[in-house]
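Data first, discussion second: the structure below is written as structure tokens.
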Amino acid sequence: MSCRLKCTSATVHLACCCFLQESFTSPEQLAMEGRSAGGLLMGAVTNMRPDLFNAVLMGVPFVDCLTTMLDNTIPLTEIEWEEWGNPQKPEFYEYMKSYSPV
């Protein structure tokens, strides 16, 4: 299930940023951008390692995924449980809480 890969995405993103800094640039010159679920990634990695970036642009970020996914009255929420996990189940709640920037 792809919902278990969200933290992996953040870890890989941070590893790429570290590589860029070691080889090509510095934190003062590094910026990143993400929209929607990419905004969630930007929020998560910024909270994990704020020292790596000088600027972060988040366009319509989906940063409150945990609260949103808990509300099954929002259209498409239950359909999205396959990708994100159902936070009404404790194992998914804890996992989503671990990377949610809110």
Side-chain angles (χ1 to χ4, degrees):
M1 187 178 278
S2 65
C3 60
R4 294 289 185 186
L5 299 177
K6 300 296 181 196
C7 286
T8 301
S9 298
T11 304
V12 169
H13 185 86
L14 289 171
C16 291
C17 291
C18 289
F19 171 77
L20 289 172
Q21 288 181 16
E22 291 170 4
S23 304
F24 302 104
T25 190
S26 66
E28 296 80 22
Q29 297 175 316
L30 189 61
M32 59 183 177
E33 177 184 10
R35 299 182 182 280
S36 193
L40 169 64
L41 177 63
M42 299 301 101
V45 298
T46 300
N47 283 340
M48 291 174 175
R49 291 290 308 274
D51 59 304
L52 292 180
F53 317 101
N54 189 32
V56 179
L57 177 61
M58 295 188 289
V60 293
F62 182 48
V63 293
D64 195 4
C65 61
L66 189 53
T67 302
T68 302
M69 298 304 287
L70 280 167
D71 185 354
N72 62 352
T73 66
I74 298 173
L76 303 177
T77 297
E78 291 183 10
I79 295 169
E80 295 290 334
W81 285 344
E82 184 175 343
E83 178 180 349
W84 295 88
N86 179 352
Q88 295 174 2
K89 296 179 179 178
E91 67 271 18
F92 291 113
Y93 180 88
E94 292 302 321
Y95 185 73
M96 292 175 79
K97 188 177 175 183
S98 76
Y99 66 77
S100 180
V102 175

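Under the 4.5 Å side-chain contact rule for hydrophobic residues, Leu20 and Leu52 share a cluster. A continuous path of ILVMFWY side-chain contacts below 4.5 Å connects Leu14 to Phe19, so both sit in one hydrophobic cluster.
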Derivation and outcome, side-chain contact (heavy atoms from CB on, under 4.5 Å), residues Val45 and Met32 = CA-CA 10 Å; Val45 298; Met32 59 183 177; 3.4 Å; yes
Let me see the working for Cys17 and Arg49 under side-chain contact (heavy atoms from CB on, under 4.5 Å), right down to the final yes or no.
-> CA-CA 10 Å; Cys17 291; Arg49 291 290 308 274; over 6 Å; no
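Here the closest heavy-atom approach between residue Tyr95 and residue Ser98 is recorded as O-OG, 2.5 Å. Among all heavy-atom pairs drawn from Met58 and Gly43, the shortest one is SD-N, 3.6 Å. Heavy-atom minimum distance, Gly85 versus Met96: O-SD, 4.0 Å.
One distance of note links OG1 of Thr8 with NE2 of His13; it measures 14.5 Å at 0.5 Å rounding. Put simply, CD on Glu94 and NZ on Lys89 are 15.5 Å apart, with the number rounded to the nearest 0.5 Å. If you take CG on Leu41 and OG1 on Thr46, they are separated by 8.5 Å, rounding to the nearest 0.5 Å.
A distance-only check finds no donor-acceptor pair linking the side chain of Glu80 to the backbone of Met69 [under 3.5 Å]. For the pair Ser100 (side chain) and Lys97 (backbone), a donor-acceptor distance under 3.5 Å is absent. A donor-acceptor pair under 3.5 Å is formed between the side chain of Thr68 and the backbone N or O of Asp64.
Remark: Asp71 pairs with no residue by the salt bridge (Lys or Arg N to Asp or Glu O under 4.0 Å) rule, at least two apart or across chains. Listed by chain and residue number, nothing satisfies the ring-ring contact (aromatic ring centres under 6.0 Å, His included) test with Phe53 (two or more places apart in sequence, or in another chain).
No option in Asn47, Val56, Val63 other than Val56 meets the side chain to side chain contact (heavy atoms under 4.5 Å, CB included) test with Met42.
For the pair Trp81 and Pro87, the minimum side-chain heavy-atom distance is below 4.5 Å. The shortest side-chain heavy-atom distance between Gln29 and Phe24 does not fall under the 4.5 Å cut-off.
Ring geometry for Trp84 versus Tyr99: interplanar angle of 30 to 60°, hence tilted.
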